[in-house]
Amino acid sequence: MATRATEPTVKFLDGNLPSLSTAEAAEAVRGLYGLDGTLEPVVTDRDQNFNLAARDGRRYMLKIASAEEDESSLDFQARALLHIERQDPDLPVPRIVKTREGRPFGSFQRRDGSRHLVHMLTYLPGETMAEGPVSPALLNHIGATLARLGRALRGFYHPAGGREMVWDIRQLPKLAPHIDVIGEPGLRNALRKAARHFADEVMPRLEGMRAQTIHADVNVHNLLVDPARPDRVAGIIDFGDMIHGALALDVGVTAGDFFIGDERGLEPACHVVAGYHGVTPLEDAEVDILYDLTLARVVAAAIIGARRLHLRPEDPGYIGRATESYIRAFGQLVRVGREAATRAFRGACAAAPAVAARLAGKGQDDEAAIDALIERRKRVMGPQLYVFYERPLHLVRGRGVWLYDAAGRAYLDCYNNVPQVGHCHPHVVAAIARQAATLNTNTRYLFREVLDYAERLVATMPAGLDTVSFVNSGSEAVDMAWRLATAWTGRKGALVMADAYHGWTTAVHALSPAIRAHEPPAPHVRTIPAPDDYRGPIRRGANDIGPRYAADIDKAIASLREGGYEPAALIVDSGLCSNGMVQAPEGYLKSLFERARAAGALVVADEVQSGFGRMGDHMWGFGAHQAVPDIVTMGKPIGNGHPVGCVVTRHEVLAHMVKDETFFSTFGGNNVSSAAAGAVLDVIEQEGLLENARTVGAHLKQGMARLMEKHGIVGDVRGRGLLVGVELVKDRRTLEPATEETKRVVNLMRELGVLVSREGPHDNVLKIRPPLVLKREEADIAVDALDRALKAL
Ligand code: PMP
């Protein structure tokens, strides 16, 4: 092992620790502060600290400085703490205790003649975060508190801020020679490379960034938490490493320290960044450099720790002991890479204002403005148009899973499945804008966009479903499917689920019992009861539930025939959404499709809600059921909000229909729609949204299911991927639907900032159907809001 690193190139401040006896410390306290009490040593790496329980019941932290520490450094700390106290008195930081002479620090002379600077702080109660788990909410609050601290220090200047500090990551180039103490050559080289990159590429960029006095070392050892409020920072301590430097350094240091190289990867760092950004929005250039700063922190800590282990193996201190985890974190960060990390930090920032608004509980709609909008709507759009919520929302902006109202309040959108890849996804927005600025025409002309898209779409389908027709909405898609089926079979009878909704056109309205409650069923339509294994006649736990429920179709077919109609089509929403998100039991769709085909009908899978990865695992809702339809209809999420509808079928089925009639939709498949739809597929692939829907959906479902233990009203939690239903009942034995309560919960959750709706024949199933980019911690927010809404019922 090389040992070049004997001469430190920066002051490490971990040598010459003072070694006052408790009696000497008591003498110092008495002399300087006129206080008596019990002193207890506290082990640290730098000053010699004592916990003082004074006679009057108050507690303090006495700090005897290392001989290497000079007066200006203590003056810096003391003045900064006084400044913070004036600027943000509620920030949980220690207060300076002045000496009897009214000075922020003093000095103590030992019998051997040596002198030590002494200062004393009020004691902050709490445990350091090194001692317990750190939840996403806590990480977020750490970021927010760090930002608040930065704001409190914004106008503060002290010349000592420019002194050289070992934990200042800008010293990394000077720490680099100490890499030699690391034995493993591969690691040594990687660390050297990182340090060089930092010096050459990152330092020059840092110089151009906004700078001020910063704490520069907010980490688990310097953060306190009160076990009774585990999601809040109870204190920030240790201001000994403060520097004047780029604000972003503070974020990089803390994010780096919470990137501990475990299986959570970047997630903890992202929470910190989001929390910070919610209070002090980070500039683009700052977000761009965050990965480098995070990496630099990890590299610096690894070097400082390794040096400590090398020099004092018998007394490595927590810094030496943490070396391994910093080295692990380094490897993992390098593997993640700048690009992915920056994307993750950007995403965290996008969600941040919402989180901050939630924490601050701010944002009230302007009731008068909302009333005026409702009035205008009634006048110009007719009286009936339904709006969600008792207090309707006036939305002005959306991003990812967040929506913002006119007052700036953020709402976690757990309802809208149209923005499948997140509201206003930049990739989709850019694709639409680019194409709109280039060409938008119709399919009477040749252009590539629509072909590129159709080919990609067909590639996601089961073999044989190879021909695509473009329309503009889900209703139109189902309308066309119905025409395809009637033309192909030469029949006029339809089989649909009870409570189905397939759209609003005249033909499809007849196929939508959900909106025909007050009309007699259309003579050519028969319904099939939902395979509800929670409240239906065959319940969970019984054998062959799927095929047994599927047998109900035979009765519907027989009844149709009695009425003089042969079945042309069975139309099923694979997610059974309007049936209350009932999950199709195993074997159900397969058996249902087989029976419909045996009766001569074509099978239409209406994937308007369940498609494009909604149900995790599979691109299409029917995908998990070994059931292949003849026609697939799509809408809603296909263009992430841009109106597009699609029908995919076999070549001969379409050919048969257009034999005698032309098919053309002016807007169907136009260049811009095709570009939007293509961009949606890009995002689903690139961001792994099927997998996200599966894992975050499972996490969400689990969280909701846990609420069953606390709240008797939660009767059932079901779903697949990010299509989750929570059924509320007055009584778990009788299953009496809690319809009114469900309505109240939907409105309470809206007040709590989480958007859901309700569904099902009894309107007692919470419909949870967020954009597929939902993160685990956002799912936790939804669970927490439901918990609180149920408590408030
Ligand atoms: N099919 C299903 C399953 C739907 O959920 C909907 C809309 N809720 C439609 C069709 C009709 O789609 P659109 O509103 O785009 O006409």
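Atoms within a ligand are numbered from 1 in the order they appear, just like the ligands themselves.
Here is the list of ligand 1 atoms found below 4.0 Å of a heavy atom in Gly474: 11 (C), 12 (O), 13 (P), 15 (O), 16 (O). Counting atoms of ligand 1 from 1 in the listed order, those under 4.0 Å from a heavy atom of Asp606 are 1 (N), 2 (C), 3 (C), 10 (C). Short contacts between ligand 1 and Ser473, defined as distances under 4.0 Å to a heavy atom of the residue, involve ligand atoms 15 (O), 16 (O).
Within 6.0 Å of CZ in Phe663 there are more than 12 heavy atoms belonging to other residues, nucleotides or ligands. Counted within 6.0 Å of CZ on Arg483, heavy atoms from surrounding residues, nucleotides or ligands total 12 or fewer; the atom is thus considered open. Under a cut-off of 6.0 angstrom, the local environment of CD in Glu586 is sparse, with at most 12 non-hydrogen atoms contributed by other residues, nucleotides or ligands.
Atom NZ of Lys767 sits about 14.0 Å away from atom CG of Leu755, to the nearest 0.5 Å. Separation of atoms CZ (Arg526) and CG (Leu570) is listed at 14.5 Å; rounding is to 0.5 Å.
When hydrogens are left out, the protein atom nearest atom 10 (C) of ligand 1 is His502 O, 3.0 Å; that is the closest non-hydrogen contact. Looking from atom 4 (C) of ligand 1 to the surrounding protein, the closest heavy atom is Val608 CG1, 3.7 Å. The single protein non-hydrogen atom nearest to atom 8 (N) of ligand 1 is Lys636 CE, 3.1 Å, given as residue, atom name and distance. The single protein non-hydrogen atom nearest to atom 5 (O) of ligand 1 is Gln609 NE2, 2.8 Å, given as residue, atom name and distance.
Considering only residues two or more places apart in sequence or on other chains, Tyr445 meets the ring pair (Phe, Tyr, Trp, His ring centres under 6.0 Å) condition with none of them. Scored by the ring pair (Phe, Tyr, Trp, His ring centres under 6.0 Å) test, His656 finds Trp488 as partners (sequence neighbours excluded).
In terms of N/O distances under 3.5 Å, ligand 1 is approached by Ser475. Among the atoms of Glu476, none of the N or O lies under 3.5 angstrom from an N or O of ligand 1.
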